[in-house]
Amino acid sequence: MAMGTSTERGGAKGKKVNNLTAANDPEKVIKIAGSITVDELAQALGLSVTTLIGELFKNGIVATINQRLDFETAEIMIDELGIANVRLERKNTATKTSDQRRELSEKAVARPPVVAVMGHVDHGKTSLLDNLLKKKTVESEAGGITQHISAYQLEHDDRKITFLDTPGHEAFAAIRQHGAMLTDIVVIVVAADDGVKPQTVEAIKFAQGANAKIIVAINKIDREGADVARTMADLSQHGLQPEEWGGDVIMIPVSAKTGEGLGKLLDAILLVADVEELKADVEIPAEGLVIESHMEVGKGSVVNLLVTGGELKVGEFVTAGNTYGKIRTMLDFQGRPKGKATPSTPVTVTGFKELPNFGDRFLEQKDEKTARKVALLNAQSEANAAASANVTSTDLLRMMSSADNAKVFNVIIKGDVLGSVTSVVDSLKLIDTHGEVNLNIVATGVGDVTENDVYMAAGDNTVIYGFNVSVPVNISKLAARDNVEIRNYRVIYELLDDAKTEMEKLLGEEIVETEQGEMKVMGVFRSTKTEIIAGGKMTSGKLEPGMLARLKHGKETFGEVEVESVQKERIDAKELIENEVGGLALKTEKKMTLEVGDRLEFFTREYKQRKL
Ligand code: GDP
């Protein structure tokens, strides 16, 4: 296997490199945000650039000094070089973003808290938000799972609170990460009759990673099996100590169904907001983040923004990533027209020339010319980054293992909005194939499956995955003609399961052997080229006709045969179990000498589809 050869090579190189880095140097940590240039990595490793470029070349990567390598590639290269005393660490981008929050001026004013509601699927996030906002959307979601970030505002005690409704299933890690970056307070919903679950733990980690304050809503207290104290104990096992028990996390028992405790929950949110002294500058150009974007017939790009600073007004020019536009219309979360939006306000706007990316920062620009220029510059630097061919670990692994014919799974992803495309792509990448199947994302895009997608997929065994999109009839026909698979899903984890099954098919089958029992041979009655008839005592397990047997003389295995039949007291039997004495017929293909005192190890062998 290519990795094997590379270890060998890495070992040899290791010696050379360790001379350069002094074998007993203390461990050195290199922090990387997303990627690192060849030059920077060489410097950090204390190598000459040419040495590193040479190593990359051996791994099939023709790199220049300014080429960017992603985290995983850099890690693989360090491993390849056999450098033991250097460790890569990811810079925490979530914290980076919160650090990036603007330094506030003296003039900063109080702003509403931005609250994300997170928790395990079915613990009641949607119901809780619905009850708070008195609207009913639970039924309308595919698979009952919230699939985009939506933002709402409500008033409590004449003060505003902004809620981000972040998707619940683990597959939405990507969206949630973006949600967490915006978030001041995370309300973690835990069902009192179910306790802490994997996504509860994940939500706790997200909140901590994003430096957000945590409030726990212990939900479903109206239910019979609800146990608030046990849920608190569960939470304290995961590092959240309830205030009641002398800790610092507010935990409010609530029922999203009856509404009990919801007032207290809102009180707690405002209390935490006060302690945190949340503020924003309003006398600066408007800025914030894109939290959703999609195309609508007749409106063009429809973009949800959350303002984090300044005041955004209709008619202003803004940039977001490499696109820009003039705010044509602006609506609040209930669809009512709004002239301006202050910090912590979510709004839906139209007017962007193209769809900005979910998670992009938007910035007000003074006029159209400046906006166009900034967008162009952003586009250019993006293109440069792409042209300097950010080598990704997927590329590297593909190149390393091409000799092994590592399997490739080609996909095209189409989604209704950018957020879902990002989520699908990120989640697909998270499927661990142990380096045996390379996921090749041929193309991604927002909108229905098109003729072009089918052409791209044809002939290359590419599956087109649609997420919340339509497949026009003529396109289905085209796909059928060209033998292209289009699979359309409305629930992301069904899509992911399908992709996983496809990748498993590429892995093929594996042999699974299961030990069944052992016999000590007490007599050999007949031994020919094709058959052995023997008798013995079962020392463990069981024996059934059809099992396989390993013939053992001491530690040595001298044959493997099939058990044709089993006898107990000279009558054919279905099985022999531990301590029973009986006979058996073994089917052989050549003469084998089985002796009294030898052992027979019985086992079964199955061919199973390999799983990931
Ligand atoms: P989500 O997946 O976390 O958004 O959970 P949902 O809000 O969709 O709720 C899942 C299920 O639990 C639904 O059938 C709700 O009606 C139910 N549910 C949510 N909150 C409560 C509650 O406080 N009491 C009871 N009895 N049922 C609840």
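Note that ligands are numbered from 1 as they come in the structure, with each ligand's atoms numbered from 1 the same way. Starting from 1, each residue takes its place in the sequence as its number.
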Begin from the C-alpha positions of V424 and Y489 and carry the test side-chain contact (heavy atoms from CB on, under 4.5 Å) through to its verdict. CA-CA 11 Å; V424 171; Y489 287 94; over 6 Å; no

Show your reasoning for whether side-chain contact (heavy atoms from CB on, under 4.5 Å) applies to V454 and I486. CA-CA 8 Å; V454 177; I486 302 180; 4.3 Å; yes

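In the vicinity of H123, heavy-atom distances shorter than 4.0 Å reach the ligand 1 atoms 3 (O), 5 (O). Of all atoms in ligand 1, listed by their number and element, those nearer than 4.0 Å to a heavy atom of R223 are 25 (C), 26 (N), 27 (N). Set against the non-hydrogen atoms of H120, the atoms of ligand 1 under 4.0 Å away are 3 (O).
Residue G124 holds the heavy atom nearest to atom 5 (O) of ligand 1 of all those in G124, S255, A192. If you check each of D122, L129, L128 against atom 1 (P) of ligand 1, the one with the closest non-hydrogen atom is D122. Which of D194, D222, L262 comes nearest to atom 25 (C) of ligand 1 through a heavy atom is settled by distance: it is D222.
Backbone and side-chain nitrogen or oxygen atoms of V254 are examined, and none is located within less than 3.5 angstrom of a nitrogen or oxygen of ligand 1. Considering backbone and side-chain atoms alike, A256 places an N or O below 3.5 Å from some N or O of ligand 1.
With values rounded to the nearest 0.5 angstrom, D184 atom CG is found 11.5 Å from I161 atom CD1.
If you look at T126 next to ligand 1, the close heavy atoms, those under 4.0 Å, come from the backbone and the side chain alike.
F409 and M503 make their closest contact through CD2-CG, 3.5 Å (heavy atoms, listed as atom of the first residue, atom of the second, distance).
Side-chain N/O atoms of Q153 and T162 include a donor and acceptor closer than 3.5 Å.
Annotation: salt bridge (charged side-chain N to carboxylate O under 4.0 Å, His left out) contacts of R159 (sequence neighbours excluded): D274. Remark: E485 engages R487 in a side chain to side chain donor-acceptor pair (under 3.5 Å) (not counting sequence neighbours).
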